[in-house]
Amino acid sequence: MRILITGGAGFLGSHLCERLLGEGHEVVCLDNLFTGRKANIAHLLSNPYFEFARHDVIDPFKFEVDQIYNLACPASPPHYQYNAIKTIKTSVMGAINCLGLAKRLRARVFQASTSEIYGDPVEHPQTEAYWGNVNPIGIRSCYDEGKRCAETLFFDYHRQNGVDIRIARIFNTYGPRMLANDGRVVSNFIVQALKGEDLTIYGDGSQTRSFCFYSDLIEGFIRLMSQDETTGPVNIGNPGEFTMLELAEAVLREVGSKSKLVHLDLPADDPKQRQPDISIAKEKLGWEPKVPLEEGLRETIAYFRKDLGV
Ligand SMILES: NC(=O)c1ccc[n+]([C@@H]2O[C@H](COP(=O)([O-])OP(=O)(O)OC[C@H]3O[C@@H](n4cnc5c(N)ncnc54)[C@H](O)[C@@H]3O)[C@@H](O)[C@H]2O)c1
């Protein structure tokens, strides 16, 4: 197949490009390089089955493809809050442009949605049936509400125009090619530990997150796109739950660092607990994560050591 990946030069997108090329597909990678990097795809540029298009998903685009993966959107709070209006435009207009193209081509289209659509959840763990608890006017709303609106658009195009959609709700994912400065907790801790700086913990560190290694996640994407039983939304994430203190300690152990932990104020609307219920992914996709946290951290730490030269 010929497959379009928006946001293909980013952390997850570049791994997805690699995986699909490895399976013998042709890949068109569309990215405006806001948080993506050419370095992430440099090794693919000489592959005749790979094309890079520097383009913004807000502006219409046409490619003749069989499938579309829509990943374009800054994913970390400092990046999506940098230009909040642009972020929500990216989610909403990016979805409309992908869906319009999918409709014309009768192509299957995938949306990278997020656990953020559950907001600060009052149900735990979160199933796909939970509608969420999202602040519509807060500093995270440009991302959360943009992604919620994109899901609405996907379902409206599906109901109204029969577009063949798939939606994955992605929970925290980590791995090589995350940006060192993106403010996400795994990269923050690793970079701080490698530089011998204090590890910054927001609040008392008792809030929990679950962390999925990128390779597990990409496997979930492919399985969702390769089956006809469900459109989603399907939670894709690792249900193993860790407190921020536990994560900090695991990073210090793997890096072999003696950095100290310092506590800062909790940012506004920071969810206290987040854990996916992955029953649907298990049942419909036969998917569950395989890579343990220590193993994923080791690979990610090795990447950052090289990337930062420390
Ligand atoms: N990594 C996670 O833990 C996680 C969790 C939930 C959802 N997601 C979603 O998965 C997708 C990929 O996330 P990621 O972690 O790889 O982040 P990322 O920031 O590395 O990737 C996003 C990519 O989209 C590109 N992009 C941003 N705005 C664009 C625009 N207007 N036009 C074209 N390209 C644009 C960026 O340059 C970047 O390459 C995002 O949609 C994100 O919301 C990721």
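Each ligand, and each atom within it, is numbered from 1 in the order the structure gives.
- Of all non-hydrogen atoms in D66 and A107, the two that sit nearest each other are O-CB, 3.3 Å.
- Between S113, A75, G36, C29, it is S113 that holds the heavy atom closest to atom 7 (C) of ligand 1.
- Under the 4.0 Å criterion applied to side-chain N and carboxylate O atoms, R104 and E64 are assigned as salt-bridge partners.
- With respect to atom 22 (C) of ligand 1, the closest heavy atom belonging to the protein is C73 O, 3.3 Å.
- When hydrogens are left out, the protein atom nearest atom 25 (C) of ligand 1 is D31 OD1, 3.4 Å; that is the closest non-hydrogen contact.
- Looking at N70 and F110, their side chains never come closer than 4.5 Å, going by heavy atoms from C-beta outward.
- Linking Ile, Leu, Val, Met, Phe, Trp and Tyr residues whenever their side-chain heavy atoms come within less than 4.5 Å leaves V28 and I41 in two separate clusters.
- In this structure, L264 places its CG atom where more than 12 heavy-atom neighbours from other residues, nucleotides or ligands lie under 6.0 Å away.
- Ring to ring, Y174 and F213 are close: their centroids are under 6.0 angstrom apart.
- The shortest heavy-atom distance from Y174 to ligand 1 is not under 4.0 Å.
- In terms of polar-atom proximity, T173 is counted as a contact of ligand 1, with an N or O under 3.5 Å from an N or O of the ligand.
- Between R140 and D120, none of the side-chain N atoms (NZ, or NE/NH1/NH2) sits under 4.0 Å from a carboxylate O, so this pair counts as no salt bridge.
- When N70, T114, T87, L12 are ranked by how near their heavy atoms come to atom 44 (C) of ligand 1, first place goes to L12.
- The heavy atom nearest to atom 12 (C) of ligand 1, out of those in L71, V186, N97, is found in L71.
- Within the 4.0 Å heavy-atom cutoff, R169 does not count among the residues contacting ligand 1.
- At the top of the distance list for atom 19 (O) of ligand 1, counting protein heavy atoms only, stands T35 OG1, 2.6 Å.
- Atom CG of D265 has 12 or fewer neighbouring heavy atoms from other residues, nucleotides or ligands inside a 6.0 Å radius.
- Below 3.5 Å of separation, one finds an N or O of D56 facing an N or O of ligand 1.
- Considering backbone and side-chain N/O of F34, one or more are found under 3.5 Å from N/O of ligand 1.
- At a threshold of 4.0 Å, the pair D56-R54 does not count as salt-bridged, since none of the basic side-chain nitrogens sits closer than that to a carboxylate oxygen.
- Not a single heavy atom of T6 sits under 4.0 Å from any atom of ligand 1.
- Listed by number with element, the atoms of ligand 1 under 4.0 Å from a non-hydrogen atom of H55 are 32 (N), 33 (C).
- With R209, R184, R177, H79 as candidates, the residue nearest to atom 14 (P) of ligand 1 on a non-hydrogen basis is R184.
- The side chain of K147, and not its backbone, has at least one atom closer than 4.0 Å to an atom of ligand 1 (non-hydrogen atoms only; side chain from C-beta on).
- Shortest contact from atom 6 (C) of ligand 1 to any protein heavy atom: I170 O, 3.2 Å.
- Using a 4.0 angstrom heavy-atom cutoff, M178 does not count as in contact with ligand 1.
- Proximity of F171 to Q275: side-chain heavy atoms (C-beta onward) are nowhere separated by under 4.5 Å.
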